[in-house]
Amino acid sequence: MTRPSLPLRGPLARAPSITRLFLATFFAVTLAGFTIALLSWLGARRTERSTLAMLTTLDRLDTLAPQPRRDTEHDRIRALAEDLNDEAQQAALATTIILVAVLTSLGIGLVYSRRRLAEPFDEIVAALERVATGEYGVRLPEQATGEFRALAQGVNRMGETLAWRERVQEYLSRLLGALNATTREGTGLSPALDVLSDATKATALVLYQPDYEANEWTPTAARGAEPRPLSRIAVRELIGDGTVGVLHLAGEQNTTARHKLQLANAPSGEMAVAPLRTAGRLAGLLVAISPDSFSSDQTDALALALPNLAIACERESAFQQTRRLATEVRRTAQYLEQQSDELTRLNEELAKANRLKSDFLANMSHELRTPLNSIIGFSDMLLTQEVGQLNGMQQDFLETVARNGRHLLQLISELLDLSKIEAGKLQLSTESLDLRDLVREAAETVRAQTEARRHTLSVEIGDRPLVVLADHMRVRQVLLNLLSNAIKFTPEGGRVRLLGRAEGGGVRIEVIDTGIGIAPEDQAKLFKEFMQVDTSASRSYEGTGLGLALCKRLVELHGGRIGCESARGVGSTFWFTLPRESPTPGEAPPVPTPGAS
């Protein structure tokens with residue numbers, strides 16, 4: 001590939017050839033000399049003719065009128081004319097001789113300039129043309145003196161520089177090709193070490209890279225030696241913390257370095273150690289051994305390879321890390337797939353067991369409720385003493401049987417309801433209800449319990465209708481459960497409030513007590529099946545942990561929400577919301593109560 005030549009400008013474009021300059025000068029001087037010589041001879045010729053004419057005239061005068069004195073003057077004029085003619089001829093001859101001498105000198109100068117100036121210039125131009133075509137080994141003789149010696153030395157240095165650059169470019173091209181092949185073919189960095197060995201004539205080369213999992217430096221490529229892993233301390237002692245470039249080790253340093261590196265079968269010679277850094281971080285370590293001392297060219301070859309090797313080490317580490325991660329991801333995916341299959345199987349078995357449990361609970365609930373109702377009924381009948389008088393102990397026993405029977409019946413009913421909800425078999429009998437009536441009804445139902453524990457029960461529902469579309473029995477069940485809990489967990493002489501109000505697009509019911517309260521860390525256990533705040537064997541309050549869970553399920557079946565706000569020793573507020581059936585005409589929009597959720 002040839003580069004386009006640039007047009008010459010300025011004085012260099014107007015510079016003539018030296019040979020042509022001398023030839024032009026020679027021809028110009030020759031022409032001028034011949035012209036002068038010709039004019040000289042022509043003048044001498046005219047002088048001769050004039051002299052002859054004058055002598056002829058004098059001879060004619062002598063013939064016509066001869067006189068002695070005139071003869072004397074005639075002889076003197078004739079002698080003068082002959083002298084003038086001779087001088088003119090001598091001047092023409094001298095001019096001719098001078099012209100010949102000048103032309104001879106110019107010819108000698110032309111030959112000299114051709115041999116001493118033009119030919120060396122031609123040789124320099126030919127050498128430059130060969131260098132331009134890529135023949136960087138051209139050498140010009142430097143025996144000349146002056147400017148030609150300087151020109152020859154400059155051309156030689158230029159050729160050597162271009163040859164060195166070409167070798168460097170070829171070396172870097174081979175090195176980059178080896179490094180690219182490393183990434184593409186997964187052959188490691190060994191091909192790059194082969195290229196580096198050819199360039200540096202090193203008999204042994206070892207490349208170390210950090211293994212962060214093993215906390216050591218592992219040899220990833222080697223040539224001419226059998227390396228072992230290095231500790232991080234050994235690497236720090238070899239290169240220090242901020243060493244940059246090639247570090248030559250000879251003598252005692254060489255012996256110490258060989259001991260730390262523990263290179264088996266390593267050849268003798270000078271050692272060079274070069275850290276490979278990228279962005280200030282140590283990515284690798286290159287160790288080279290040469291049978292002789294490293295020359296400047298070998299050191300330059302090592303130094304030129306360091307940036308590319310550092311990037312290759314970083315890339316190789318990332319590649320290995322990516323491959324390890326891919327393997328781990330593949331194994332994890334296989335494990336997760338197995339676990340997913342196992343989880344699917346367990347979920348299917350769990351769903352089957354849950355269905356069997358629900359069916360079992362439903363069947364057992366029906367089977368248990370029939371004899372339990374008989375027990376409760378006969379106990380109530382005996383307590384009426386219509387079939388006979390009872391002593392105090394008998395009456396206490398029967399009241400205990402009836403109370404525990406009702407508690408067990410409630411538990412069975414709650415289990416049956418939960419199983420129906422889980423099985424999706426619980427159907428709501430919704431109707432338009434005014435919750436004010438339902439709230440009053442529930443309050444009257446628990447009135448006896450509040451009086452027995454000397455509580456104060458207040459109902460605050462306002463005068464505006466609180467109409468919702470709900471199941472009367474299920475909403476009553478939720479209200480009674482919340483009221484029973486408030487009465488049970490409030491010490492004697494406490495206060496229980498039952499509030500109802502419109503809120504947003506629904507109705508909010510709150511049961512507020514001054515009981516023992518619930519700690520924040522225990523509130524997460526609420527509304528979960530079989531979960532109780534006090535699970536110790538010495539707990540003071542009985543219960544199964546199903547009531548609040550059933551309330552949550554029933555409220556959510558109505559499209560509402562349920563929650564709790566409580567603090568230990570202060571009391572609790574249990575609330576639930578139900579969507580309203582339709583707004584009352586002319587009713588103002590309700591104002592949300594602070595703290596409502």
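Atoms considered below: every heavy atom in the structure, side chains included; atoms not considered: hydrogens, waters and symmetry mates.
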Heavy-atom side-chain proximity of [X] to [Y] below 4.5 angstrom:
| X | Y | value |
| --- | --- | --- |
| E237 | K260 | yes |
| L286 | V273 | no |
| L498 | L479 | yes |
| L398 | L390 | yes |
| F378 | M381 | yes |
| D513 | N485 | no |
| L480 | R476 | yes |
| E399 | L383 | yes |

Exercise. How far does CG of L435 sit from CZ of R580, to the nearest 0.5 angstrom?
Worked result: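 If I round to the nearest 0.5 Å, the distance is 10.0 Å.
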Answer yes if the side chains of [X] and [Y] hold a donor-acceptor pair under 3.5 Å, and no otherwise.
| X | Y | result |
| --- | --- | --- |
| T220 | Q209 | yes |
| R223 | S197 | yes |
| R324 | Q321 | yes |

Exercise. Around atom CZ of R440, are there more than 12 heavy atoms of other residues, nucleotides or ligands at under 6.0 Å?
Worked result: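 Atom CZ in R440 is packed in, count exceeds 12.
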State whether [X] and [Y] are salt-bridged, where the test is any N-O pair (Lys NZ or Arg NE/NH1/NH2 against Asp/Glu carboxylate O) under 4.0 Å.
| X | Y | value |
| --- | --- | --- |
| R497 | E460 | yes |
| E328 | R330 | no |
| E349 | R345 | yes |
| K552 | E556 | yes |
| R447 | E444 | yes |
| R453 | E492 | no |

Exercise. Looking only at atom types and distance, does a side-chain atom of Q449 sit under 3.5 Å from a main-chain N or O of I487, one as donor and one as acceptor?
Worked result: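 No, Q449 side chain to I487 backbone: no donor-acceptor pair under 3.5 Å.
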Exercise. Does the pair R474 and Q477 meet the rule for a side-chain hydrogen bond (donor to acceptor under 3.5 Å, both in side chains), with working shown?
Worked result: CA-CA 5 Å; R474 298 303 179 183; Q477 184 178 354; 2.9 Å; yes
Exercise. W575 ring centre to R508 NZ or CZ under 6.0 Å, with the angle to the axis within 45°?
Worked result: yes
For this session: List the atom of A443, the atom of V459, and the distance in Å for their closest heavy-atom pair.
Result: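 Shortest heavy-atom separation between A443 and V459 comes out as CB-CG2, 3.7 Å.
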